[in-house]
Amino acid sequence: MMEDEPIYTVLDPAGEQQEVPTVSLAARLESLEGSTVYCISQFIGGADSFMKKVADALAKRVAGVKTVFVHKATAFMADDPALWDEIAHKGHAVIYGCAA
């Protein structure tokens, strides 16, 4: 090897597989009757308009269902602990509408 030859560092593009914890799906409701369903929307791409229509249609079609429309102002991948806590304590189901 000559002294003026460059030295290269080579990285393995395969990477390393990370262990990902799994979480079970939430228990499914037998019926939406009498339940509170949160309809959460992002403002991107008309999701607000669509999710308001979903909330209204659900309330008209399912006996005793209460729908709560929420406009989530943060990005869909941003955590919102206060909202999740509210849903956990006051809601039974969630419909999350995210548009891009």
Side-chain angles (χ1 to χ4, degrees):
M1 182 163 120
M2 300 183 77
E3 287 185 36
D4 57 344
E5 285 185 16
I7 298 175
Y8 298 97
T9 300
V10 179
L11 302 176
D12 181 357
E16 296 176 13
Q17 186 168 353
Q18 301 291 323
E19 186 170 331
V20 178
T22 58
V23 179
S24 299
L25 295 174
R28 299 303 184 233
L29 300 173
E30 290 185 28
S31 171
L32 292 178
E33 291 181 9
S35 64
T36 299
V37 179
Y38 276 74
C39 296
I40 302 173
S41 171
Q42 302 286 175
F43 62 93
I44 301 171
D48 273 3
S49 175
F50 177 75
M51 290 307 294
K52 284 178 185 176
K53 289 179 182 179
V54 168
D56 290 343
L58 193 59
K60 289 176 185 174
R61 289 177 171 79
V62 179
V65 74
K66 175 185 174 189
T67 58
V68 179
F69 172 79
V70 176
H71 170 84
K72 186 173 179 285
T74 58
F76 72 91
M77 68 282 228
D79 196 8
D80 192 338
L83 178 57
W84 311 145
D85 186 60
E86 177 183 336
I87 294 168
H89 287 91
K90 297 180 180 178
H92 301 97
V94 173
I95 302 172
Y96 194 101
C98 177

- Shared hydrophobic cluster for V54 and V68 (ILVMFWY, side-chain gaps under 4.5 Å): no
- Item | Y96 OH: over 12 foreign heavy atoms closer than 6.0 Å | yes
- Between CZ on residue R61 and CG on residue D56, distance to nearest 0.5 Å: 10.0 Å
- Candidate pair D48 and F69, rule side-chain contact (heavy atoms from CB on, under 4.5 Å), full reasoning: CA-CA 9 Å; D48 273 3; F69 172 79; 3.8 Å; yes
- Item | Contact summary for M51 and G97, nearest pair of heavy atoms | SD-CA, 3.7 Å
- Distance in Å, I95 CD1 paired with L58 CG, rounded so as to fall on 0.5 Å steps: 5.5 Å
- Message: The test is side-chain contact (heavy atoms from CB on, under 4.5 Å); show your working for V62 and E33 and say whether it passes.
- Response: CA-CA 6 Å; V62 179; E33 291 181 9; 4.0 Å; yes
- Task: Identify the two heavy atoms, one from A93 and one from L32, that lie closest to each other, and give their separation to 0.1 Å.
- Result: CB-CD2, 4.3 Å
- Message: Just verifying a value: how many Å separate S41 OG and K72 NZ, rounded to the nearest 0.5 Å?
- Response: 10.5 Å
- Between CH2 of W84 and NE2 of H89, what distance do you get to the nearest 0.5 Å? 15.0 Å
- Query: Are V37 and F50 connected in the hydrophobic side-chain network, where two residues link if heavy atoms are under 4.5 Å apart?
  - Reply: yes
- Message: Please report the interatomic distance NZ(K52) to NE2(H71), rounded to the nearest 0.5 Å.
- Response: 9.0 Å
- Task: May I have the step-by-step check of side-chain contact (heavy atoms from CB on, under 4.5 Å) for V70 and I87, ending in yes or no?
- Result: CA-CA 11 Å; V70 176; I87 294 168; over 6 Å; no
